[in-house]
Amino acid sequence: MTRLLLLCSFFLLAGCPRPGDRLPDMQLSQVTFVGNQPCITYPVASGDRITSIQIGSTDSDSFRQMFDENPLYPASGDCLPTFSYRFEANKSYTVYYSLDNDNRVRQKIIEVHFTIAPRGAEVRP
């Protein structure tokens, strides 16, 4: 009886996602290349601030930076910062930016996927 009560209380406390839960709003962005360096752009709204960035590659190299204390305010039309991350040829990358805005209820997650082509070849978004 005690086990049944414990099991039932676990499920009541755990909860699960429902349609009304506030999950982040995932948005795809654009990437262009200058040489082998990506320029990631997104139509920034007034008040948008970057609170984190995460870069991952096919080789499990990763970079993560949080800006909770000092958020970054991107300018519309400018490349989003990559903090001098060294992108290498022949690798695929995924980049995520977390954007908060006091004018929105939900946080936005900006996502982009791209591959850096071998030297001398075309680059592929």
Side-chain angles (χ1 to χ4, degrees):
M1 182 67 171
T2 305
R3 284 185 177 170
L4 180 62
L5 184 58
L6 184 60
L7 185 62
C8 289
S9 61
F10 171 75
F11 285 112
L12 287 174
L13 292 175
C16 38
R18 296 183 310 271
D21 288 347
R22 299 288 182 198
L23 299 174
D25 181 14
M26 299 294 285
Q27 300 285 318
L28 293 176
S29 68
Q30 300 294 317
V31 63
T32 56
F33 292 91
V34 178
N36 271 356
Q37 291 302 306
C39 173
I40 301 166
T41 56
Y42 178 77
V44 176
S46 177
D48 279 352
R49 61 188 178 274
I50 298 173
T51 56
S52 72
I53 177 178
Q54 184 171 347
I55 303 172
S57 75
T58 51
D59 288 350
S60 299
D61 288 339
S62 65
F63 169 82
R64 185 173 181 166
Q65 182 79 35
M66 304 290 285
F67 306 101
D68 293 330
E69 300 297 321
N70 297 313
L72 301 173
Y73 292 88
S76 185
D78 287 353
C79 298
L80 296 176
T82 56
F83 301 94
S84 301
Y85 182 86
R86 187 164 182 234
F87 294 96
E88 298 177 16
N90 297 323
K91 288 188 180 181
S92 294
Y93 292 91
T94 301
V95 181
Y96 296 101
Y97 293 91
S98 296
L99 288 180
D100 279 338
N101 191 319
D102 292 336
N103 299 323
R104 280 193 313 266
V105 176
R106 295 171 60 189
Q107 179 186 46
K108 280 190 178 184
I109 305 291
I110 308 305
E111 176 181 8
V112 66
H113 307 277
F114 57 90
T115 299
I116 304 291
R119 303 258 184 254
E122 285 187 34
V123 227
R124 303 179 294 275

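For reference, positions follow the sequence shown, starting with 1. Please read all numbers here as calculations on a predicted model, not as lab measurements.
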Taking every non-hydrogen atom, the tightest pair across L99 and R104: O-NH2, 3.7 Å
The residue among M66, Q65, R64 that forms side chain to side chain contact (heavy atoms under 4.5 Å, CB included) with I53 is Q65
For residues P81 and L72, report the shortest heavy-atom separation together with the two atoms involved. CG-CD1, 4.1 Å
F83: ring-ring contact (aromatic ring centres under 6.0 Å, His included) partners, not counting sequence neighbours: F67
With sequence neighbours excluded, what pairs up with S62 under the side-chain hydrogen bond (donor to acceptor under 3.5 Å, both in side chains) test? none
Aromatic plane relationship, Y96 with H113 - under 30° parallel, 30 to 60° tilted, over 60° perpendicular: perpendicular
T32: side chain to side chain contact (heavy atoms under 4.5 Å, CB included) partners, not counting sequence neighbours: C39
Please enumerate all residues that pass side chain to side chain contact (heavy atoms under 4.5 Å, CB included) together with S29, with sequence neighbours excluded. I40, Y42, I110, V112
Using salt bridge (charged side-chain N to carboxylate O under 4.0 Å, His left out) as the criterion, list what pairs up with D102, not counting sequence neighbours. R49
Under the rule for side-chain hydrogen bond (donor to acceptor under 3.5 Å, both in side chains), what residues qualify as partners of S92, not counting sequence neighbours? T115
Of all residues at least two apart in sequence or in a different chain, which pass the side-chain hydrogen bond (donor to acceptor under 3.5 Å, both in side chains) check with T41? none
Would you mind reporting whether K108 and D48 have side-chain heavy atoms less than 4.5 Å apart? no
With Y93 as partner, the option from T58, T82, I55 fulfilling side chain to side chain contact (heavy atoms under 4.5 Å, CB included) is I55
Tell me the salt bridge (charged side-chain N to carboxylate O under 4.0 Å, His left out) pairs involving residues 69-81, sequence neighbours left out? none
Heavy-atom pair with the smallest gap, counting every atom of L80 and P74: CD2-CB, 3.7 Å
Shortest non-hydrogen separation from P38 to V31 and the atoms involved: CB-CG2, 3.7 Å
Calculate, to the nearest 0.5 Å, the distance between atoms OG and CD belonging to S84 and Q37 respectively. 8.5 Å
Say you draw a straight line from CD1 of I109 to CD of Q54; how long is it, rounded to the nearest 0.5 Å? 9.5 Å
Can you name the residues that form a side-chain hydrogen bond (donor to acceptor under 3.5 Å, both in side chains) with S57, not counting sequence neighbours? none
